[in-house]
Amino acid sequence: MKREKLIIIMFILLVISLVLLVNVSEKIELVVFSGIIVSLAILFLFLRPLQSFAVLVIQMLGAGFWLAIQGYINQWGSLLQLEAILKNLTFMSSVICLWMTVAQLIKYGQEYTKMREELHLLQKFEDGVAILTMNEFMYRMETIFIAMRRRTEKGYLLKIKINTFNKEFAIKSLYDSFVNASLKSVRDKYDLVGKMSNSEIVIMLQNTNVEGALVVENRFRNFLQDELTIDSDLFSSELIELPDEWSSTQSIVLKAAIA
């Protein structure tokens with residue numbers, strides 16, 4: 001059975017058991033049952049599956065023990081005992097359905113999050129912008145790097161850092177402008193532009209010398225300042241010649257990703 005159908009079935013059973021509980025309980029009992037159910041729902045949301053199951057078992061044993069003590073102290077007759085047992089069974093059914101529903105929803109949410117993360121790893125471009133994801137940037141860069149070393153060509157990395165003094169809203173508002181400036185500054189379908197973090201962009205300039213790399217860096221700065229009127233204090237850039245070893249180049253790029 002698909003999880004979506006199972007969740008719907010468990011939710012329907014939960015609603016039915018709660019309706020029955022409302023009909024068979026007195027006012028004070030209903031208040032107590034409601035408080036317990038809400039408390040358990042909150043616990044189930046924050047506990048691990050095994051922990052929440054342990055809480056469920058403890059609660060069921062506690063309710064049964066409390067019911068037995070009440071029957072013994074108050075000397076309930078057969079009719080009262082039957083009524084109490086039915087109420088307790090209805091309450092237990094509600095709690096069990098609640099636990100199963102929350103457990104399935106949590107598992108569904110975890111799988112959805114994992115799927116989104118895996119999908120992001122497979123993405124070649126960031127959402128909404130024509131800039132490479134970090135994984136795709138590293139994959140393409142390694143291929144180009146090996147080819148460049150075979151042809152004994154030089155290349156450069158241009159690291160661009162957005163400086164917004166830890167103001168997240170400012171980074172988000174400026175990021176698209178920086179991506180646009182980066183893409184307009186490089187050679188289309190030749191150089192690579194990748195996102196390393198929410199505040200850092202890395203550009204790989206292949207088969208160029210330091211003069212050509214400086215042209216790209218100046219073009220980027222001029223585009224930001226002249227066309228987008230972004231002050232130079234809001235960003236910094238660093239030009240680095242590609243090392244001879246791929247491992248060294250990789251470490252330079254990954255430092256940007258964890259900065």
Side-chain angles (χ1 to χ4, degrees), residues 1-129 133-136 168-169 171-172 195 197-198:
M1 183 184 297
K2 290 185 178 181
R3 179 166 289 114
E4 293 88 345
K5 291 183 179 180
L6 180 59
I7 292 174
I8 292 173
I9 291 172
M10 295 311 305
F11 181 75
I12 292 173
L13 292 175
L14 174 61
V15 172
I16 293 173
S17 62
L18 289 174
V19 171
L20 290 174
L21 186 63
V22 169
N23 289 326
V24 300
S25 302
E26 297 178 3
K27 187 175 182 181
I28 186 63
E29 292 174 332
L30 190 59
V31 171
V32 174
F33 287 150
S34 300
I36 294 174
I37 289 174
V38 171
S39 300
L40 288 173
I42 295 173
L43 283 175
F44 292 160
L45 284 173
F46 292 99
L47 294 177
R48 295 179 180 179
L50 287 178
Q51 292 174 330
S52 63
F53 180 74
V55 171
L56 174 66
V57 172
I58 292 171
Q59 193 277 328
M60 292 174 64
L61 292 174
F65 185 68
W66 176 84
L67 187 64
I69 291 177
Q70 289 296 313
Y72 177 77
I73 293 175
N74 297 305
Q75 296 296 311
W76 287 344
S78 298
L79 187 60
L80 286 176
Q81 289 182 23
L82 180 60
E83 181 182 347
I85 290 172
L86 289 175
K87 288 180 182 179
N88 191 56
L89 287 176
T90 305
F91 174 63
M92 287 296 100
S93 299
S94 301
V95 174
I96 292 172
C97 291
L98 173 66
W99 176 76
M100 293 184 68
T101 303
V102 173
Q104 290 298 321
L105 286 172
I106 291 175
K107 192 172 183 180
Y108 188 84
Q110 290 173 342
E111 290 182 356
Y112 177 76
T113 301
K114 184 179 179 181
M115 181 185 67
R116 289 276 300 176
E117 291 173 351
E118 291 176 350
L119 180 62
H120 182 71
L121 290 176
L122 295 173
Q123 280 183 317
K124 294 185 176 181
F125 295 93
E126 286 291 325
D127 294 334
V129 290
T133 62
M134 182 178 70
N135 290 309
E136 183 66 17
E168 189 66 24
F169 70 92
I171 292 178
K172 291 180 180 179
K195 175 183 178 180
S197 69
N198 291 330

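Throughout, numbering of the chain's residues begins at 1 and tracks the sequence.
To the nearest 0.5 angstrom, M100 atom CE is 10.0 Å from L56 atom CG. Atoms CD1 and OG, on I36 and S94 in that order, are 11.5 Å from each other to the nearest 0.5 Å. Considering CG of L20 and CG of L89, their distance stands at 11.5 Å, rounded to 0.5 Å. Of the inter-residue distances, the one linking F46 atom CZ with Q51 atom CD reads 13.0 Å to the nearest 0.5 angstrom. Rounding to the nearest 0.5 Å gives a distance of 13.0 Å between CD1 of I85 and CE of M92. Atom-to-atom distance recorded for I69:CD1 and I73:CD1 is 6.5 Å, nearest 0.5 angstrom.
Using a 4.5 Å heavy-atom threshold, the side chains of L40 and F44 count as touching. Residues K195 and T133 have side chains not in contact (no heavy-atom distance under 4.5 Å, counting atoms from C-beta outward). Using a 4.5 Å heavy-atom cutoff, the side chains of M60 and V95 are not in contact. In this structure, S17 and L14 have side chains that are in contact, with non-hydrogen atoms separated by less than 4.5 Å.
Applying the ring-ring contact (aromatic ring centres under 6.0 Å, His included) test to every pair with at least one member in residues 11-37, sequence neighbours left out, gives these pairs: F33-F91.
Nearest heavy atoms, I37 versus L98: O-CD2, 3.6 Å. Taking every heavy atom of both residues into account, L21 and T90 meet most closely at N-CG2, 3.4 Å. In terms of heavy-atom proximity, V102 sits nearest to L45 at CG1-CD2, 4.0 Å. The heavy-atom pair separating C97 from M10 by the smallest distance is CA-CE, 3.9 Å. For the pair K87 and S25, the tightest heavy-atom approach, listed with the atom from each and the gap, is CE-CA, 4.5 Å.
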task: For side-chain contact (heavy atoms from CB on, under 4.5 Å), just list the numbers for I106 and Q110, CA-CA rounded to whole Å, side-chain angles, deciding distance to a tenth of an Å, and then say yes or no.
output: CA-CA 6 Å; I106 291 175; Q110 290 173 342; 3.7 Å; yes
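No more than 12 heavy atoms of other residues, nucleotides or ligands shown are found within 6.0 angstrom of CG on L50.
The backbone N or O of Y108 sits nowhere less than 3.5 Å from a side-chain atom of E111 that would complete a donor-acceptor pair. Checking side-chain atoms of S52 against main-chain N and O of P49 turns up a donor-acceptor pair under 3.5 Å.
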